[in-house]
A.B. asks: 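Mind having a look at this structure? Questions to follow.
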2 protein chains.
Amino acid sequence: MPRRWMAGPPWLYERLHGCGYRYTLPREAVLQVLTQTPEHLSAEDIYFLVHARYPQIGLTTVYRTLDLLVRMGIVVKFDFGDGRARFELAAHSGGKSHHHHLICTLCGRVIDYSDFLEKEKELLQTTQKGLSEKYNFEITDHLIQFYGKCQQCKNAEKQAERR
Amino acid sequence: MPRRWMAGPPWLYERLHGCGYRYTLPREAVLQVLTQTPEHLSAEDIYFLVHARYPQIGLTTVYRTLDLLVRMGIVVKFDFGDGRARFELAAHSGGKSHHHHLICTLCGRVIDYSDFLEKEKELLQTTQKGLSEKYNFEITDHLIQFYGKCQQCKNAEKQAERR
DNA sequence: TCCTTATTGAAAATAGTTTCCATTTTCATT
DNA sequence: AATGAAAATGGAAACTATTTTCAATAAGGA
Ligand SMILES: [Mn+2]
Ligand SMILES: [Mn+2]
Ligand SMILES: [Zn+2]
Ligand SMILES: [Zn+2]
């Protein structure tokens with residue numbers, strides 16, 4: 001494995017070492033892919049992109065690396081309901097800032113949105129406070145997703161009707 | 001297969017026939033299990049419960065039946081992130097009324113809650129309207145879930161610390 | 001009752017992810 | 001720079017929830 005020291009973001013080395021982990025090429029490569037694409041990549045997507053430059057890196061290691069990065073809070077894992085996990089760089093690690101997702105149930109397209117976050121935050125605070133009091137449940141995370149039909153699929157549907 | 005006609009709710013027969021489907025023992029049995037347990041059962045859970053009374057009914061059929069009931073809107077399918085789907089009777093079919101879920105990330109326990117629904121509805125309406133205008137996305141469904149630590153797991157944690 | 005067709009059950013297939021384990025690599029210590 | 005203990009890797013095999021296949025069976029209209 002070629003040793004190209006610290007071609008990745010400098011904080012990665014610090015971050016890994018701070019947690020007692022080692023700085024390795026697969027970790028750098030996976031993070032690089034996540035940094036360069038704003039899309040919601042699956043483990044396999046990431047594997048292909050990593051593999052294009054570093055053919056020796058295996059799918060297993062990509063899975064392991066993603067798991068590590070998620071546990072370290074550098075990467076966020078999503079489930080859009082199509083049976084494969086999706087990964088996105090966390091906001092504070094250079095990813096897109098706080099947002100939620102619109103998911104087309106017809107074509108699987110995912111749209112990031114960050115409108116109405118103030119209103120959302122309001123609900124979340126009220127709800128979190130109320131629920132933690134009522135159920136003594138300590139809320140650490142939340143998931144808000146909208147499902148529906150995207151513009152493209154609506155158009156395609158109209159086309160089909162017209163014929 | 002013993003024929004015990006319509007031991008299930010009378011509307012099931014109508015509902016199935018209305019859609020061109022047949023009234024069968026597996027369909028009745030699966031629905032019965034879902035009616036009798038308010039929990040969030042997996043397909044396998046349901047299979048075991050169905051199987052206890054009707055050993056000839058197979059897991060495949062349980063999956064198929066659940067899929068059918070979900071498509072008909074009689075049953076709702078959830079994903080709590082543990083890799084297996086969960087099923088719950090839809091509100092208008094005799095299930096619990098509209099609610100969301102608190103999920104303990106330590107023990108997997110799921111708590112139903114239906115507080116703050118007014119505030120939630122408010123957010124949903126604002127968001128749905130705004131997003132459908134901005135992205136021309138037609139929202140048909142939403143998912144709101146909270147993750148965290150349940151009371152029992154918090155207590156267990158304290159116990160562990162104390163020793 | 002008869003006949004068409006939907007439904008079923010068992011086995012095999014699928015697909016994403018995880019585990020196993022022998023080999024390689026990292027990096028703190030010499 | 002060399003050493004060595006521990007961490008990390010990659011490929012194969014295992015795992016697990018779910019789906020597909022297909023021959024046999026059952027539902028229900030005629
Ligand atoms: Mn996103
Ligand atoms: Mn519920
Ligand atoms: Zn679409
Ligand atoms: Zn718990």
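Naming: A, B, ... by sequence-line order, numbering from 1 per chain.
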A.B. asks: Expressed in angstrom and rounded to an integer, what is the separation of Tyr54(A) atom OH from dT25(C) atom P?
C.D. replies: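 Taking OH of Tyr54(A) and P of dT25(C), I get 15 Å after rounding.
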A.B. asks: Send over the distance from Leu25(B) CG to dG28(D) P, rounded to a whole Å.
C.D. replies: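 Rounding to the nearest Å, CG of Leu25(B) and P of dG28(D) are 12 Å apart.
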A.B. asks: Rounded to whole angstrom units, what separation is found between the CD1 atom of Ile57(B) and the C1' atom of dA24(D)?
C.D. replies: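 Going from Ile57(B) (CD1) to dA24(D) (C1'), I get 17 Å.
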A.B. asks: Checking contacts here: which listed nucleotide (dG16(C), dT8(C), dG9(C)) is nearest the side-chain heavy atoms of Tyr63(A)?
C.D. replies: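 Selected nucleotide (nearest to the side chain): dG16(C).
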A.B. asks: Tell whether Thr61(A) reaches the base of dA8(D) with its side chain through a donor-acceptor pair below 3.5 angstrom.
C.D. replies: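 No.
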A.B. asks: Are Lys77(B) and Glu88(B) within salt-bridge range, i.e. N to O under 4.0 Å?
C.D. replies: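 Salt bridge: no.
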A.B. asks: Expressed in angstrom and rounded to an integer, what is the separation of Met72(A) atom CE from dA7(D) atom P?
C.D. replies: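 Whole-Å distance recorded here is 15 Å.
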A.B. asks: To the nearest angstrom, how far is Leu59(B) atom CG from dT7(C) atom C1'?
C.D. replies: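 One finds 16 Å between C1' of dT7(C) and CG of Leu59(B), rounded.
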A.B. asks: Would you say His17(B) reaches dA27(D)'s phosphate, i.e. side-chain N/O to OP1/OP2 under 4.0 Å?
C.D. replies: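 Indeed not, no polar side-chain atom of His17(B) lies that close.
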A.B. asks: I would like to know whether Gln151(A) and Tyr135(B) meet side-chain hydrogen bond (donor to acceptor under 3.5 Å, both in side chains); could you show each step before the answer?
C.D. replies: CA-CA 7 Å; Gln151(A) 183 160 25; Tyr135(B) 299 100; over 6 Å; no
A.B. asks: Measure up the His40(B) and His101(B) rings against each other and bin them: parallel (under 30°), tilted (30 to 60°), perpendicular (over 60°).
C.D. replies: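 His40(B) and His101(B): perpendicular rings.
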A.B. asks: Take atom CD of Glu44(B) and atom P of dT18(D), then tell me their distance rounded to the nearest Å.
C.D. replies: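 Taking CD of Glu44(B) and P of dT18(D), I get 9 Å after rounding.
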A.B. asks: Using a 4.0 Å cut-off on heavy atoms, which residues in residues 77-84 of chain A reach DNA chain C? List them by number, or say none.
C.D. replies: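 Contacts with DNA chain C under 4.0 Å: Gly83(A), Arg84(A).
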A.B. asks: How close or far is atom P of dA28(C) from atom CG of Leu16(A), stated in whole angstroms?
C.D. replies: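 Value for this atom pair: 13 Å.
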A.B. asks: What is the separation between atom CG on Leu66(A) and atom P on dG10(D), rounded to the nearest whole Å?
C.D. replies: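 Computing the Leu66(A):CG to dG10(D):P distance gives 13 Å.
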A.B. asks: Let me spell it out: for each of Arg22(B) and Asp67(B), pick the nucleotide of DNA chain D with the closest heavy atom. Which residue's pick is nearer the 5' end?
C.D. replies: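 Residue closer to the 5' terminus by nearest nucleotide: Asp67(B).
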A.B. asks: If each of Thr60(A) and Tyr21(B) is mapped to the nucleotide of DNA chain D with the nearest heavy atom, which maps nearer the 5' terminus, i.e. the 5' end?
C.D. replies: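 The residue whose closest nucleotide sits nearer the 5' end is Thr60(A).
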A.B. asks: With a 3.5 Å distance limit and no angle check, can you tell me whether Thr61(B) reaches the backbone of Ile57(B) through a side-chain donor-acceptor pair?
C.D. replies: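 Not at all, since once roles are kept as given, no pair shorter than 3.5 Å links the two residues.
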A.B. asks: Do the side chains of Asp112(B) and Lys96(B) get close enough for a salt bridge, i.e. N-O under 4.0 angstrom?
C.D. replies: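 So Asp112(B) pairs with Lys96(B) through a salt bridge.
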A.B. asks: Tell me whether Phe80(A) shares a hydrophobic cluster with Ile111(A), the cluster being built from Ile, Leu, Val, Met, Phe, Trp, Tyr side chains joined at under 4.5 Å.
C.D. replies: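 No, it is not one cluster - the side chains of Phe80(A) and Ile111(A) are not joined through contacts under 4.5 Å.
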A.B. asks: Which nucleotide wins on minimum distance to the side chain of Thr24(B), given the candidates dT18(C), dT7(C), dT19(D)?
C.D. replies: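 Looking only at side-chain atoms, Thr24(B) lies closest to dT7(C).
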A.B. asks: Base, sugar-phosphate, or nothing for Arg64(B), non-hydrogen atoms under 4.0 angstrom?
C.D. replies: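 Base contact.
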A.B. asks: Have a look at His51(A) and say if it touches a base, only the backbone sugar-phosphate, or nothing, with a 4.0 Å heavy-atom cut-off.
C.D. replies: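 Nothing, no heavy atom under 4.0 Å.
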A.B. asks: Look at the rings of His17(A) and Tyr13(A) and say which category their plane angle falls in: under 30° parallel, 30 to 60° tilted, over 60° perpendicular.
C.D. replies: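 Rings of His17(A) and Tyr13(A): parallel, under 30°.
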